[in-house]
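One structure below.
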Amino acid sequence: MELIKIEIDNLKVIAKKIAKFKRPFVATIGNFDGMHLYHQKVLAKAKEWSQYYDLPMVVISFSQNIYDYLNYEENRITSTKQKAEYIEKVYESELFIEVLTNDELVNTPKETFLNILKETFNIVRVVEGADFRFGAQGKGTVIDLQAVFGLENVWVEPRANEISSTKIRKLLKNGDKQAANDLLGIKVK
Ligand SMILES: Cc1cc2nc3c(=O)[nH]c(=O)nc-3n(C[C@H](O)[C@H](O)[C@H](O)COP(=O)(O)O)c2cc1C
Ligand SMILES: Nc1ncnc2c1ncn2[C@@H]1O[C@H](COP(=O)(O)OP(=O)(O)OP(=O)(O)O)[C@@H](O)[C@H]1O
């Protein structure tokens, strides 16, 4: 698996780095902090589509959770290195992209982000949970993904409210490591 770190406003460099893959991608995008059970569900579906349609898989993540960036906080459970190792080992993804979280990313309108996914990354299928948000102020939703990629090319995993990275961070803050690790793919030591 290749790990590429990019900045969202450097499209020419991104295009150059992606060009060697030649074929369109199945993508999933998100923080995937901790790889909890529903992250695993989303990633497994992306893998399944990648195999079924014979397309390479790309996981797009961010150097920092945008919420943390905006609030000058650091609540990460898992490092990029741990995430990349897990995605390579368990899902054999061809590509892992880490987008630098900066003001340019946060202010990228949803239309621009969609255009980058389609034109620069050559993504044709996307897998996300129902509450996935993207673009400035988190205005983009899975409906926007469906409008651009086609209804049949976007898998929407129903939201299971009992599990989120936010809830797991709270468990860890309260010292309940066992309960957190029961939900996490990448265990906390
Ligand atoms: C280009 C881009 C810009 C974003 N801008 C914001 C933002 O301004 N405010 C915000 O709360 N979240 C923003 N988000 C983050 C999303 O709300 C979301 O946290 C992230 O994409 C992961 O998806 P999920 O946590 O909804 O599953 C942005 C995401 C992307 C990809
Ligand atoms: N409980 C869940 N049920 C279904 N899909 C989920 C669930 N949690 C995350 N996902 C999906 O996994 C992908 C990556 O999610 P991401 O890590 O960005 O957010 P998150 O786990 O909801 O984190 P947070 O709780 O910090 O918002 C997204 O498509 C998201 O919708």
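We count ligands from 1, going down the list as the structure has it; atoms in each ligand are counted the same way. Count residues from 1 along the sequence.
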Parallel, tilted or perpendicular: ring planes of His39 versus Phe32, cut at 30 and 60 degrees: perpendicular

What orientation do Tyr53 and Trp49 show, parallel under 30°, tilted 30 to 60°, or perpendicular over 60°? perpendicular

Those residues with a heavy-atom separation under 4.0 Å from ligand 2 are Gly30, Asn31, Phe32, His36, Tyr38, His39, Val42, Glu128, Gly129, Asp131, Phe132, Pro158, Arg159, Ala160, Ile163, Ser164, Ser165, Thr166, Arg169

Do side-chain atoms of Glu104 reach the backbone of Asp9 as a donor and acceptor pair under 3.5 angstrom? no

Could I get the full list of ring pair (Phe, Tyr, Trp, His ring centres under 6.0 Å) partners for Tyr67, not counting sequence neighbours? none

Under the salt bridge (charged side-chain N to carboxylate O under 4.0 Å, His left out) rule, what do Lys139 and Asp144 come out as? Steps first, then yes or no, please. CA-CA 9 Å; Lys139 281 190 177 161; Asp144 296 297; over 6 Å; no

Should Glu2 and Lys20 be marked as a salt bridge (charged side-chain N to carboxylate O under 4.0 Å, His left out) after you check the CA-CA gap, both sets of side-chain angles, and the distance that decides it? CA-CA 11 Å; Glu2 190 152 351; Lys20 60 175 156 255; 3.1 Å; yes

Residues joined to Ile163 in its hydrophobic cluster, side chain to side chain under 4.5 Å directly or through other members, sorted by chain and number, are Leu37, Tyr38, Ile77, Ile168, Leu171, Leu172, Leu183, Leu184, Val188

I'd like the contact residues of ligand 1, where contact means a heavy atom below 4.0 Å. Asn31, Phe62, Ile66, Leu70, Leu105, Val106, Thr108, Phe113, Asp131, Phe132, Arg133, Phe134, Gly135, Ala136, Gln137, Gly138

Result for side-chain contact (heavy atoms from CB on, under 4.5 Å) between Asp33 and one of Ile186, Asn65, Thr78, Asp68 points to Thr78

Polar side chain donor-acceptor pair, Asn71 to Glu73, under 3.5 angstrom: no

